[in-house]
Amino acid sequence: MSETLEATTESAAAPAAHAPKYTRNNPYQSNVLVNELLTAEGSEKETRHVELSLEDGMTYTPGDAVGILPENRREVVDEMLQALGFTGSERVLDHYKVEIDLDEALRTRLAIGKLERGRITQMVKLAPENAGLKAMAGADNKARAEEYCYGREFIDLVKDFPGIITQPQQLFQILARLTPRMYSIASSQALHADNVQTTVRVVRYDAHGRSRQGLASGHLGERAPVGGTMPIFLHANGNFRLPEDSSKPVIMVGPGTGVAPFRAFLEERQAKGETGDNWLFFGEQRRALDFLYQEQFEGMHKDGVLTRLETAFSRDQAKKIYVQDRIEEHAAEVYAWLERGAYFYVCGDATRMAKDVHTALLDAIAKGSNGTLEHAEEYLATMKKQKRYQLDVY
Ligand SMILES: Cc1cc2nc3c(=O)[nH]c(=O)nc-3n(C[C@H](O)[C@H](O)[C@H](O)COP(=O)(O)OP(=O)(O)OC[C@H]3O[C@@H](n4cnc5c(N)ncnc54)[C@H](O)[C@@H]3O)c2cc1C
């Protein structure tokens, strides 16, 4: 009895056979090998192709993501220190109770970017009588707090409600931990053994009289020059995989940066000489400015790796056309591919695109099968069970 128990305890304590060496808490210091703009001048988007080095033994599969640990912007950290009246050399205890400088904490440990309601909740604890904060605190004032937070960052809160934070350590009570951001892997290791590639849309916007940027995409967009380093880790996603049977056809719907994992899928199938047909639906605003990886995809189409390449450029004509419209246009062929056992993948925007594509797919199935919408829903549910309908949306 005790023998079994000991054996179990021992094996539970032993590291898993395939546990990756590098994790979010122990990232790999990767080198930035390439960081180039994919969109052309004049585009409303700034989408970049970033290549990061890997150490021997670090492996990934198409469908996986890479986690990036960004740093807050120097200017924002300086502005924060100034607004709080701190120098940055004050000593604080980080999340692991390790003593570090406040400056380092603000750069690498604390989420001082986009404001969330929780920060207000924490600030009120330090100043329960502050009328402005009280007016946004608690469940009853949720809507007011959310309205205030929208488009703002922590620096706005500090400036709007000065004098509340008096001790550097209080920042660890108020602020959330700076968390990594995930990016779909856009490359196949069968072609690029020692690096990982991503497609990053840089988030920039003006709000409340300031120019703002996303934490990680901003970092990759302007503070990750070639030759610099970037802490990363690889993140497996077993729910987004090419078919095990490489002769099966695949339909991939990836507008915008959603195309990233499909570049990885196609590179993988090309490198391994897999025979299954490939159909890519790509969408963006303008062909001339926003056709990500145009040359590579058109080359693959010419070579026959990409059996079909359907594009939808919404702003190239008066009536906006999106990937779901292309699916509708080609509904009969989409259904014919599904009947041949095709796998259907969607990657990219979760808020609208994935839902619109889902509806277009249901319509295509209903039309193709001459069936009802209920029949189409059952058909799709079966596909899901068979892992033939896979989504990676964010
Ligand atoms: C599995 C997975 C895969 C992903 N793959 C990719 C990928 O391949 N490529 C890619 O680019 N991204 C990808 N993402 C998204 C990525 O992880 C980040 O969420 C994204 O880059 C934004 O992060 P950030 O740190 O730059 O911005 P953050 O600092 O997190 O800020 C973004 C936030 O800013 C706010 N905001 C943005 N615009 C405005 C505005 N106009 N007005 C007011 N507020 C605004 C919003 O609250 C938004 O959520 C993926 C996400 C997941 C979960």
Side-chain angles (χ1 to χ4, degrees), residues 24 35 37-39 43-52 60-73 76 108 110-119 145-156 175-187 196-224 230-241 252-265 282 284 290 292-293 345-351 353-354 390-394:
R24 62 180 59 210
N35 186 346
L37 200 58
L38 288 173
T39 42
S43 169
E44 286 171 38
K45 309 261 181 94
E46 178 184 338
T47 306
R48 309 190 71 87
H49 176 74
V50 179
E51 298 187 8
L52 300 159
Y60 61 84
T61 303
D64 289 349
V66 57
I68 306 254
L69 280 105
E71 279 189 17
N72 287 306
R73 268 198 285 180
V76 181
T108 65
L110 296 166
I112 59 172
K114 63 172 180 163
L115 191 58
E116 266 148 16
R117 203 163 65 89
R119 303 318 117 226
E146 276 172 359
E147 193 190 328
Y148 174 80
C149 288
Y150 187 75
R152 286 192 167 88
E153 294 161 279
F154 186 61
I155 184 70
D156 300 87
L175 289 164
R177 200 168 157 177
L178 190 142
T179 50
R181 302 291 194 266
M182 306 308 294
Y183 293 92
S184 305
I185 292 176
S187 51
V196 62
Q197 308 183 1
T198 60
T199 316
V200 178
R201 159 113 199 265
V202 181
V203 173
R204 289 184 201 276
Y205 56 98
D206 292 323
H208 308 288
R210 289 171 70 100
S211 292
R212 320 217 177 220
Q213 56 176 247
L215 169 64
S217 63
H219 190 163
L220 289 167
E222 57 186 49
R223 304 189 302 286
M230 180 64 64
I232 66 162
F233 60 97
L234 298 171
H235 179 80
N237 178 7
N239 294 321
F240 205 73
R241 288 284 183 257
M252 300 163 280
V253 184
T257 55
V259 80
F262 303 135
R263 180 177 182 265
F265 278 13
F282 174 73
E284 252 299 354
D290 306 307
L292 312 180
Y293 306 110
Y345 301 88
V346 186
C347 182
D349 171 53
T351 42
M353 183 276 295
Q390 298 183 24
L391 277 76
D392 187 12
V393 294
Y394 45 86

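Just so it is clear, the model here is predicted, and its values are computed rather than measured. Just follow the structure's listing: the first ligand is 1, and inside any ligand the first atom is 1.
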Residue-level breakdown please: for L215 versus ligand 1, do any non-hydrogen atoms fall below 4.0 Å on the side chain, on the backbone, on both, or on neither? both
Tell me which part of Y394 gets within contact of ligand 1: side chain, backbone, both or neither, using heavy atoms under 4.0 Å. side chain
Ligand-side contact atoms (ligand 1) for residue partner V200, heavy atom cut-off under 4.0 Å: 11 (O)
Test ring pair (Phe, Tyr, Trp, His ring centres under 6.0 Å) applied to F282 - qualifying residues, sequence neighbours left out: F291
Lys/Arg-Asp/Glu bridge criterion (N-O < 4.0 Å) met for D156, R212: yes
Test of understanding: given a 4.0 Å heavy-atom threshold, classify the contact between S184 and ligand 1 as side chain, backbone, both, or neither. both
Checking heavy atoms under 4.0 Å, the part of D392 that sits near ligand 1 is side chain
If you compare all heavy atoms of C347 against all heavy atoms of P255, which two are closest, and at what distance to 0.1 Å? O-CD, 3.8 Å
Does ligand 1 have any atom sitting under 4.0 Å from a heavy atom of T198? no
Are T199 and Y293 packed together at the side-chain level, in the sense that at least one heavy-atom pair is separated by less than 4.5 angstrom? yes
For K114, which part has a heavy atom under 4.0 Å from ligand 1: side chain, backbone, both, or neither? side chain
So, taking the atom named OG1 in T257 and the one named CG in L38, what distance separates them when rounded to the nearest 0.5 Å? 10.5 Å
For atom 41 (N) of ligand 1, grab the closest protein heavy atom and report residue, atom and distance to one decimal in Å. Y205 CB, 3.3 Å
Nearest neighbour in protein (non-hydrogen) for atom 26 (O) of ligand 1: S217 OG, 2.5 Å
When you measure from atom 46 (C) of ligand 1 to the protein, is at least one non-hydrogen atom found at a distance under 4.0 Å? no
Parallel, tilted or perpendicular: which fits the ring planes of F262 and F240, with parallel below 30° and perpendicular above 60°? tilted
